[in-house]
> 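The structure follows.
Reminder, nothing fancy here: chain letters follow the sequence lines and each chain counts from 1. The analysis underlying the following values was restricted to heavy atoms, covering all of them including side chains, and did not include hydrogens, waters or symmetry mates.
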2 protein chains.
Amino acid sequence: MTTLATASTDCCAAGSTTLMPADRAACLAEIFKALADPTRVRLVGYLAAAQGGTVCACHLPDELGISQPTLSHHLKKLVGAGIITREQRGRWAHYAVVPEVLDLARDFLGATTGDARCC
Amino acid sequence: MTTLATASTDCCAAGSTTLMPADRAACLAEIFKALADPTRVRLVGYLAAAQGGTVCACHLPDELGISQPTLSHHLKKLVGAGIITREQRGRWAHYAVVPEVLDLARDFLGATTGDARCC
């Protein structure tokens, strides 16, 4: 890919990097969009830290200070983005994060800060 | 912090993790919100990979396929979220990513996938 060839060249050297493919950018943007809410950020952090990796809906913390319908809305958004899974076990739904999806976003951010792969 | 004490206990063990403070979640959500757009994802990736760390506005790639006002809108969003900086040098504005801000998001995602700190 090229940079804007007609631009003035008296300001700095032209960049030599290429632009990320549009489909990869769209995928990453969808993940970030699902995380673009404080409640969903807290939910993901809580689920990720859970012992056993899975949390029953009945144990989601009441400190979130939101109604059950609002909680369901946020969980649905996260499930829709593939960030968490939902599994019905009898009466209760159980939720767990999908590390592979969050890794996609983390790897992008790691590439932007220069030390994604330290070992 | 406690989990929902009145919940049924016949489904699974109660989680022992705590909920992230609301202000940290709000900060992270703001970063993710700024990245919740394919064009902004591509811009951040492009700026981060630039030689010298800074890119003149005149060298931003035309493959983005957006108008100048739209490009300005996206750059403004990223500057507003603290993800990139804008510095005017004579005729042209120069942009650079702020690794420390992206690190906040990366560390959160690293914590969710279990290997944020490998070294």
> Out of curiosity, Leu109(B) CG to Asp103(A) CG, how far, rounded to the nearest 0.5 Å?
9.0 Å
> Tell me if a side-chain donor or acceptor on Arg42(A) pairs with a main-chain N or O of Met20(B) at a distance below 3.5 Å.
yes
> Compile the donor-acceptor pairs under 3.5 Å between side chains in residues 30-38 of chain B and protein atoms, sequence neighbours left out, one pair per line.
residue, atom, partner, partner atom, Å
Asp37(B), OD1, Thr39(B), N, 2.8
Asp37(B), OD1, Arg40(B), N, 3.2

> Shortest non-hydrogen contact from Thr18(A) to Tyr46(B)?
O-CD1, 3.8 Å
> What residues of residues 73-83 of chain B sit under 4.5 Å from chain A when only non-hydrogen atoms are counted?
none
> If you take all heavy atoms of Val41(B) and Phe108(A), which pair is closest and at what distance?
O-CZ, 3.5 Å
